[in-house]
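Working notes, beginning with the structure itself.
From a predicted model like this one, the values you see are computed outputs, not experimental measurements. Atoms within a ligand are numbered from 1 in the order they appear, just like the ligands themselves.
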Amino acid sequence: MKRLAILTSGGDAPGMNAAIRAAVRLASSRGIEPIGVMHGYQGLLNDDTVVLNPRSVSNTVQRGGTILKTSRCSEFESEAGRERAKKTLERRNIDGLIVIGGNGTLTGAIELGRIWRGQIIGLPGTIDNDLAGSDFTIGYDTAVTTALYGIDRIRDTAESHERVFLIEVMGRHAGFIALDVAIAGGAEEVLLPEVKTGFNELADRLMAGIARGKGSSIVIVAEGYDSGGAEAVAERLRSQRGLESRVLVLGHLQRGGSPTAADRLLGTELGAYAVDLFIGGTTGVMAGKVNGRLVATPLVEAVSLKKPLNRYMLSIMDALAS
Ligand code: F6P
């Protein structure tokens, strides 16, 4: 019987459990033994594995986080660490490995693939949506939805006090979450790593809005916009323009919670597809969905090609906020 291991690594993302569940159940139904690797790559280093079966993943499709746990494993970044990981895979007679995570996780998978003979299939599991080879990553839709709950609530208090609010959202070096929540949340401004709006431009527009009679303004700040984040922007608005504002950093809140239907479905579809790719003998690819179709993209392309922001949405942002 072939053995297919599954791990989740890096930041958790809602919908990872749906992917694990689908992979475990599909593998079992095709006569493959699913093995869970606990705590991401750390579990490969420590030989921390568990045999899974369809019952192990009962009642998980609606749960956020990852039942396999996760970690950021610096030891795995070294050659010696990866050699240890390879030894575990060999000792446990693993034929294939499904790796669910973001850019760093899939980069680690590429390195492992250089020294281990088994098949490696990646799945895009990150709230950041910053992987090429899939229009959306597992967890992104939930993170955007969760951020919106917060923004809608802030709008009420911002409107009552006629205040400017700066809301910082996650996304690491990418502005996908920021742009989508800005549009869907009706924000006046968005600060993105990809666009680099200047401080004066932002301040002028906010002041002009106030002069036009805007009661409140919401500015979405992507965490990758600049190193000081939303706090630094607020401080400059106060010291250079005399404009008081309030700051809210949504932070890890965006990673938790029950996955949306879209993330459960994407996780399920890609988890199952990863098993089919394994059965078909494929290796070194990421399973994704582009234009409604399942696609397998080489891992090197998934981590290195730049996925563009929605330029059309970006171009209408000003008009929408006027
Ligand atoms: O990659 C997911 C993510 O949540 C990023 O948006 C964020 O920059 C980072 O992880 C935070 O990492 P940590 O959980 O290690 O603080």
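Cation-pi check for Lys289 over Phe136 is not met; the charged atom does not lie both under 6.0 angstrom from the ring centroid and within 45 degrees of its normal. Cation-pi geometry between Arg246 and Phe165 is not met at under 6.0 angstrom from the ring centre and within 45 degrees of the axis.
Residues satisfying the ring-ring contact (aromatic ring centres under 6.0 Å, His included) test with Phe76, not counting sequence neighbours, are Tyr41.
Nearest heavy-atom pair, Leu202 versus Thr197, reported as atom, atom and distance to 0.1 Å: N-CG2, 4.3 Å.
Legend: side chain to side chain donor-acceptor pair (under 3.5 Å) pairs involving residues 274-286, not counting sequence neighbours, sorted by first then second residue: Arg30-Asp276. Residue pairs meeting the side chain to side chain donor-acceptor pair (under 3.5 Å) criterion with at least one partner in residues 303-312, sequence neighbours excluded, are Asn129-Lys307.
Near ligand 1, residues Arg72, Thr126, Ile127, Asp128, Met170, Gly171, Arg172, Glu223, His252, Arg255 each place a heavy atom inside the 4.0 Å sphere around the ligand atoms.
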